[in-house]
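As structure tokens, the structure follows; a few thoughts come after it.
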There are 2 protein chains.
Amino acid sequence: MDVTQETLYLLKEKGIRVTPQRQAILEYLKHVDTHPNAEEIYAHIRTKFAGISLGTIYNSLNMLCDKGLIQELAYGDTFSRFDGNPMPHDHIVCDVCRKVVDYHGPLLDNLLDLAQQESGFAIKGYRLELHGVCPACQN
Amino acid sequence: MDVTQETLYLLKEKGIRVTPQRQAILEYLKHVDTHPNAEEIYAHIRTKFAGISLGTIYNSLNMLCDKGLIQELAYGDTFSRFDGNPMPHDHIVCDVCRKVVDYHGPLLDNLLDLAQQESGFAIKGYRLELHGVCPACQN
DNA sequence: TTACTTGCAAATCCTTTGCGGTGCC
DNA sequence: GGCACCGCAAAGGATTTGCAAGTAA
């Protein structure tokens with residue numbers, strides 16, 4: 001199953017009405033390993049759909065987030081980035097160039113149990129963001 | 001040394017010009033264990049300085065952040081929260097009422113080493129945000 | 001004294017919303 | 001054919017900035 005077929009299937013499965021714009025946005029996010037913001041997504045989709053508006057980009061992104069097909073990364077910057085992989089995973093941020101890469105580290109189950117006992121919260125999950133300097137910026 | 005003396009000392013030590021507004025903001029953040037946003041800080045400081053403006057609140061908060069006296073928590077909401085404790089520590093967020101509490105968990109040194117080897121990044125630190133439901137919202 | 005701060009207001013940035021027309025199911 | 005979606009433009013909330021007047025060092 002190629003990516004176009006897969007995005008089509010995902011959208012239908014979640015009961016999201018399929019439009020060419022949404023397909024293109026989801027497909028783009030599944031392709032790239034950068035974590036683009038709305039503006040970057042807009043710029044790319046516009047090469048295929050010259051008339052698309054930024055409002056539609058935001059509408060689509062919000063819908064895809066709500067339905068769990070993508071995730072929003074709202075870590076510190078003034079804007080959000082979007083990640084085509086909805087599964088929980090960590091991110092490493094370069095403090096120099098602001099690049100964000102995925103990191104699949106060990107699960108912190110012990111820590112969650114401990115926190116739950118100490119805090120009284122019912123812990124559902126966590127978000128871990130590692131900070132550092134990427135190889136390209138270390139010169 | 002009381003809190004007023006301490007904030008005075010901290011400001012001078014960092015070479016920050018001391019103004020009553022800044023002292024009040026820093027003192028307030030050192031006192032409270034909530035993690036207020038700019039608007040809440042504004043509302044509180046205004047009870048002492050009727051004429052203070054929101055612009056000054058933001059200016060002061062940015063300066064205090066830059067100098068490392070407080071930290072900004074920009075986790076997901078449309079606005080930032082501020083924490084009077086600049087030392088690294090984790091936070092637990094209630095997904096229902098959005099309350100944020102501090103959590104001093106075990107350090108993730110092993111995980112940082114591992115991530116550094118696998119990613120090639122020079123890892124400097126991390127931010128961990130636990131999500132769940134606070135005791136008051138569990139009913 | 002003099003450079004840094006303040007208060008105010010306008011501006012900016014990112015994101016959401018309202019509306020008339022269109023296209024997916 | 002109906003309802004959800006689109007593009008557009010205007011509104012919205014949070015934060016920043018410019019400027020004249022005030023104040024800490």
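Below, read A as the first sequence line, B as the second, and so on, with proteins coming before strands; counting in each chain starts at 1. These numbers come from the heavy atoms of this one structure, side chains and all, not from hydrogens, waters or symmetry mates. Predicted, not measured: the structure shown is a model, and the values here were computed from it.
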Atom-to-atom span, CE of A:Met63 to P of C:dT17 - whole angstrom: 13 Å
A:Thr56 side chain to A:Gln21 side chain, donor-acceptor N/O pair below 3.5 angstrom: no
A:Asn62, nearest nucleotide to its side chain (from C:dT6, C:dC25, C:dT16): C:dT16
B:Arg17 (side chain) and C:dC4 (base): donor-acceptor pair under 3.5 Å: yes
Residues, nucleotides or ligands: over 12 heavy atoms within 6.0 Å of A:Lys67 NZ: no
Transitive ILVMFWY side-chain link A:Leu64 to A:Phe79, under 4.5 Å: no
5'-most by nearest nucleotide on DNA chain C - B:Phe49 or A:Val18: B:Phe49
Rounded distance in Å - CD (A:Glu40) to P (C:dT15): 11 Å
Cluster overlap A:Met63 with A:Phe82, hydrophobic side-chain contacts below 4.5 Å: yes
Reported CD1-to-CG distance for the pair B:Ile41 and B:Leu61, which is rounded to 0.5 angstrom: 4.5 Å
Heavy-atom side-chain contact between B:Val100 and B:Asp83 under 4.5 Å: no
Closest-nucleotide 5' rank along DNA chain D - winner of A:Asn59 and A:Gly55: A:Asn59
Separation of atom CZ in A:Arg22 from atom C1' in C:dT22, rounded to whole Å: 14 Å
Opening and closing nucleotides of DNA chain D in contact with chain B, under 4.0 Å to non-hydrogen atoms: D:dA14 to D:dA25
Nearest-angstrom distance from the residue atom CG of A:Leu8 to P of C:dC24: 13 Å
Among C:dG7, C:dC24, C:dT5, the one nearest B:Gln21 by side-chain distance: C:dG7
Between C:dT15 (P) and A:Phe79 (CZ): distance, integer Å: 8 Å
Distance below 4.0 Å between B:Thr19 side-chain N/O and C:dT6 OP1 or OP2: yes
Residue pair B:Asp102 / B:His91, side-chain donor-acceptor N/O under 3.5 Å: yes
Atom pair distance, as rounded to whole Å: CD in A:Glu72 and P in C:dC14: 14 Å
Rounded distance (Å) that lies between atom C1' of C:dT16 and atom CD1 of A:Ile57: 15 Å
Sugar-phosphate, base or nothing in reach of B:Tyr58, heavy atoms under 4.0 Å: base
Between C:dT15 (P) and A:Leu61 (CG): distance, integer Å: 9 Å
Sugar-phosphate only, base, or nothing, as touched by B:Thr78 at under 4.0 Å among non-hydrogen atoms: sugar-phosphate
